[in-house]
Amino acid sequence: MSPGNSSPFDWQRFDRDHLWHPYTSMLEPLPVFAVVAASGVELELADGRRLVDGMSSWWAAIHGYNVPELNAALSTQAQRMSHVMFGGLAHQPAAELGRRLVAMTAEPLQYLFLADSGSVAVEVAIKMALQYWFAQGKQEKQRLLTVRGGYHGDTFGAMAVCDPVNGMHGLFHGVLPQHLFAPVPGCADDAVWDESHIAEFAQLLRAHRHEVAAVILEPLVQGAGGMRFYCPDYLRRVRALCDECDVLLILDEIATGFGRTGTLFAYEQAGIVPDILTLGKALTGGTLTLAATLTTERVARGIGADGSGVLMHGPTFMGNPLACAVANASIDLLLASPWQQRVAAIEAQLRRELAPCREFSCVREVRVKGAIGVIELTEAVDMRWVQPRLVELGVWIRPFGKLLYVMPPFVIEGVQLSRLTAAMGQVVAEIAAR
Ligand SMILES: *Cc1c(COP(=O)(O)O)cnc(C)c1O
């Protein structure tokens, strides 16, 4: 099939035969659905069907799709400059974004690195922590401590702190650095605090404090590692233990940032401040890839303390002006919107409409936090059946493993959200009857 060939290009076939999708095999590709447009909270398929989007394209499209304000920011910036290198050059969109992020996060977070994807922002966070201790003359502080059930990205540094069982550690054994893993935070979202919840974590951190550079965690919500929620008291204790043991705290808010859990950032609910914070996903409202790693004066200046200290990172597309411009527009749009009420309304409706699913024997748990609704089943779903079935029901929901879950755009209307919950209920009923 050469270009210029008169037969039309069968792009869907080419896709199936040549393109990897996330976590797929070239030998047994899973069915994919051809999408041709997206606007509001709907995706339009090539066959004309319209699906209500329950995923926000993996936490990102908080304003929905084809948003006039974001499109305008993109085209205005594209006419000035889409990209220039950040080495030796500075531009207003990046500084504007820095100003916004510094203003909207906790006061001590004053310095930032603009990376090109979430995984890279995590790599930068890890580098900041290691370089900080190197510069203090504490070369032995090179390990990270985290909890099981986490997800921090697919690059090697990030992968090494993902859950060791479902995070591909077996496959890459011998290649990944060996970090320390405490149990999954055991305290439910609304549980009464008990010190036993943090006992193993505390023991592990105290025993290894001399070699631990940082603790890295997703605050309150473990996303792609299992869609689990845990209580703010746990985070408060983690902060205190990090201080006690002279260890930095990295919070990865790539999924939770920008309002998803009901506060702009999840750490606010625990009343703590991390030493290093990673952001991504919803940063550009889901339009372009961009991420940020923020840190405090102590860490930023500490990296240079031994006189040699430059932060050793600098991707080609760092601080991309187009991405920064649309991130600025997305943040402005978010802050000018009644996002708290929207997230609270989504939360209340998800609680109400998903609760009946608890009655099915195939359901282990139904849980809701902010604009996130999760049905955990007793067994993994059969994707070859469930994905087309959900599309038939008019929704875009992408389950994984035992999890059927939604995190819709904040602008979703009540009736559209009901279509998502009805489809989830329908699929659960059908699984129970199989
Ligand atoms: C998605 C995610 C990442 C990785 O971001 P990418 O942009 O996919 O590289 C890291 N941490 C968390 C918590 C995430 O949800």
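Just so you know, ligand 1 is whichever comes first in the structure, and atom 1 is the first atom listed for that ligand. Here the structure is a predicted model, which is why all the values come from computation and not from measurement.
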Asks: Taking all atoms of both residues into account, what is the closest heavy-atom pair of Ala188 and Cys231, and its distance?
Replies: O-CB, 3.3 Å
Asks: Step through the shown structure and confirm whether more than 12 heavy atoms of other residues, nucleotides or ligands are within 6.0 Å of CE on Met85.
Replies: no
Asks: Determine, using heavy atoms of Ser117 and all atoms of ligand 1, whether some pair is separated by less than 4.0 Å.
Replies: yes
Asks: Which residues satisfy the ring-ring contact (aromatic ring centres under 6.0 Å, His included) test with Phe400, sequence neighbours excluded?
Replies: Tyr405
Asks: Students should be able to answer this: which protein heavy-atom is nearest to atom 7 (O) of ligand 1, and at what distance?
Replies: Gly118 N, 2.9 Å
Asks: Who gets closest to atom 12 (C) of ligand 1 by heavy atom: Asp252, Val120, Val161?
Replies: Asp252
Asks: Which bit of Tyr151 gets closer than 4.0 Å to ligand 1, counting heavy atoms only: side chain, backbone, both or neither?
Replies: both
Asks: Taking the side chain as every heavy atom from C-beta outward, state whether Leu322 and Leu74 have any atom pair closer than 4.5 Å.
Replies: yes
Asks: Give the atoms of ligand 1, by number and element, whose distance to some non-hydrogen atom of Lys281 is under 4.0 Å.
Replies: 1 (C), 2 (C), 3 (C), 14 (C), 15 (O)
Asks: Can you tell me if Arg301 has over 12 outside heavy atoms packed within less than 6.0 Å of its CZ?
Replies: no
Asks: Only heavy atoms of Ser119, strictly under 4.0 Å: list the atoms of ligand 1 that pass.
Replies: 4 (C), 5 (O), 6 (P), 9 (O)
Asks: With heavy atoms of Gly153 as the reference, note each atom of ligand 1 found under 4.0 Å away.
Replies: 4 (C), 10 (C)
Asks: May I ask you to say whether Arg298 pairs ionically with Asp246, meaning some side-chain N is under 4.0 Å from a carboxylate O?
Replies: yes
